[in-house]
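One structure is given below, encoded as structure tokens.
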Amino acid sequence: MDKSNRTVSIKRTFDASIELVWEAWTQPEHIAQWWSPKGMETKVIEHHFEIGGKWKYIMPMPDGNEFIAEGTYTDIVKLEKISSSANFKPMTEGVKIEALFKKNGSQTDFTFNVIHPTEAYRIAQEKMGILNGWGSVFTRLDEYLNTNLTT
């Protein structure tokens with residue numbers, strides 16, 4: 001089934017090796033440092049990095065509520081692809097996410113796809129600011145890679 005009209009894609013090139021970018025995506029101690037927008041903290045509650053494994057991260061919000069991100073890994077190809085079901089409560093539920101990694105010399109080309117169940121849901125998410133939200137998360141990842149994970 002064509003998913004192009006249901007998908008939000010974000011592309012970045014990180015000035016870090018594919019191995020470092022992969023490590024930042026797959027190790028809970030690294031995920032806790034960059035997964036949330038700037039100024040928010042991420043607590044890794046569950047992280048079973050294997051097909052069928054569950055993950056759950058909690059971000060306390062300034063109003064005292066919690067933003068919960070969770071899902072189940074559906075596909076993992078080392079240094080290439082991570083796919084997962086995903087819920088980002090209370091804002092986005094029932095989506096799939098894909099993180100795609102491609103070596104580009106000493107850099108890593110990265111594509112992040114959020115696949116929504118319907119085109120209407122994708123449009124609503126775009127209006128709500130999905131690109132800005134994830135964009136700020138990947139800016140944090142870029143900063144983290146360059147300050148903490150350099151080789």
Side-chain angles (χ1 to χ4, degrees), residues 1-59 67-89 91-119 121-123 125-126 128-151:
M1 185 157 95
D2 181 35
K3 58 186 180 184
S4 60
N5 67 344
R6 299 181 289 122
T7 303
V8 172
S9 291
I10 299 171
K11 295 179 188 289
R12 290 277 178 102
T13 296
F14 294 118
D15 192 17
S17 72
I18 196 168
E19 292 83 6
L20 284 180
V21 177
W22 181 264
E23 185 178 321
W25 264 90
T26 60
Q27 303 297 317
E29 65 272 20
H30 297 311
I31 292 166
Q33 302 302 314
W34 65 265
W35 180 266
S36 55
K38 196 169 184 112
M40 288 182 75
E41 177 188 356
T42 302
K43 294 179 186 167
V44 176
I45 305 302
E46 194 173 4
H47 182 80
H48 302 287
F49 188 66
E50 61 193 21
I51 294 174
K54 296 193 181 310
W55 58 272
K56 183 176 184 177
Y57 314 144
I58 293 179
M59 291 149 267
F67 184 83
I68 300 169
E70 62 186 348
T72 302
Y73 292 107
T74 55
D75 193 14
I76 298 170
V77 180
K78 189 171 183 181
L79 301 180
E80 285 182 31
K81 176 177 166 180
I82 302 169
S83 299
S84 173
S85 64
N87 293 308
F88 302 97
K89 299 173 187 170
M91 298 164 82
T92 308
E93 296 193 42
V95 297
K96 293 181 176 143
I97 56 173
E98 293 176 333
L100 307 172
F101 309 82
K102 189 170 184 199
K103 185 178 174 89
N104 180 359
S106 62
Q107 297 181 317
T108 302
D109 291 335
F110 172 74
T111 302
F112 185 73
N113 295 317
V114 181
I115 305 159
H116 299 81
T118 65
E119 183 178 11
Y121 193 34
R122 174 195 54 86
I123 292 167
Q125 291 289 297
E126 286 179 330
M128 204 169 69
I130 189 172
L131 291 167
N132 288 340
W134 280 110
S136 71
V137 170
F138 297 140
T139 296
R140 274 189 84 183
L141 172 57
D142 197 25
E143 291 167 359
Y144 181 71
L145 287 164
N146 288 312
T147 56
N148 298 332
L149 286 181
T150 53
T151 50

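Everything numeric here is computed off the predicted structure, so don't read it as measured data. In this chain, residues are counted from 1 in sequence order.
- Going from atom CD1 of I68 over to atom CD1 of I58 covers 5.0 Å, rounded to the nearest 0.5 Å.
- Summarising the geometry, atom CD1 belonging to I115 is positioned 7.0 Å from atom CZ belonging to R6; distances are rounded to the nearest 0.5 Å.
- In this structure F138 satisfies the ring-ring contact (aromatic ring centres under 6.0 Å, His included) test together with F110, F112, W134, sequence neighbours excluded.
- Remark: the backbone N or O of T26 is paired with a side-chain donor or acceptor of H47 at under 3.5 angstrom.
- Classification of R122 and E119 as a salt-bridged pair holds, one side-chain N sitting under 4.0 Å from a carboxylate O.
- Heavy atoms only, all atoms of each residue included: R12 and G135 are closest at NH2-O, 3.0 Å.
- Formation of a donor-acceptor pair under 3.5 Å by the S83 side chain with backbone atoms of T74 is not found in this model.
- In plain terms, the two heavy atoms of S84 and W55 that are nearest each other are OG-NE1, 2.7 Å.
- Taking each heavy atom of D15 and N146 in turn, the nearest pair found is O-OD1, 3.3 Å.
- Every residue meeting the side chain to side chain contact (heavy atoms under 4.5 Å, CB included) condition with Q125, not counting sequence neighbours, appears here in chain and number order: T92, H116, Y121, M128, I130.
- Distance alone, capped at 3.5 Å, is enough to place a donor-acceptor pair between the W34 side chain and the A24 backbone.
- Note that the OG atom of S36 and the NZ atom of K43 stand 11.5 Å from one another [nearest 0.5 Å].
- Screening E93, K89, K54, E46 against E70 for a side-chain contact (heavy atoms from CB on, under 4.5 Å) leaves a single residue, K89.
- To the nearest 0.5 Å, the span separating CD on Q107 from OG on S17 amounts to 11.0 Å.
- The two residues E50 and Y73 come nearest to each other via the heavy atoms O-CB, 3.3 Å.
- Residues passing the side-chain hydrogen bond (donor to acceptor under 3.5 Å, both in side chains) test with T13 are D109, sequence neighbours excluded.
- Annotation for A16 and T108: closest pair O-OG1, 2.8 Å, computed over non-hydrogen atoms.
- Formation of a donor-acceptor pair under 3.5 Å by the R140 side chain with backbone atoms of G39 is not found in this model.
- The backbone N or O of T72 lies less than 3.5 Å from a partner atom in the side chain of S85, making a donor-acceptor pair.
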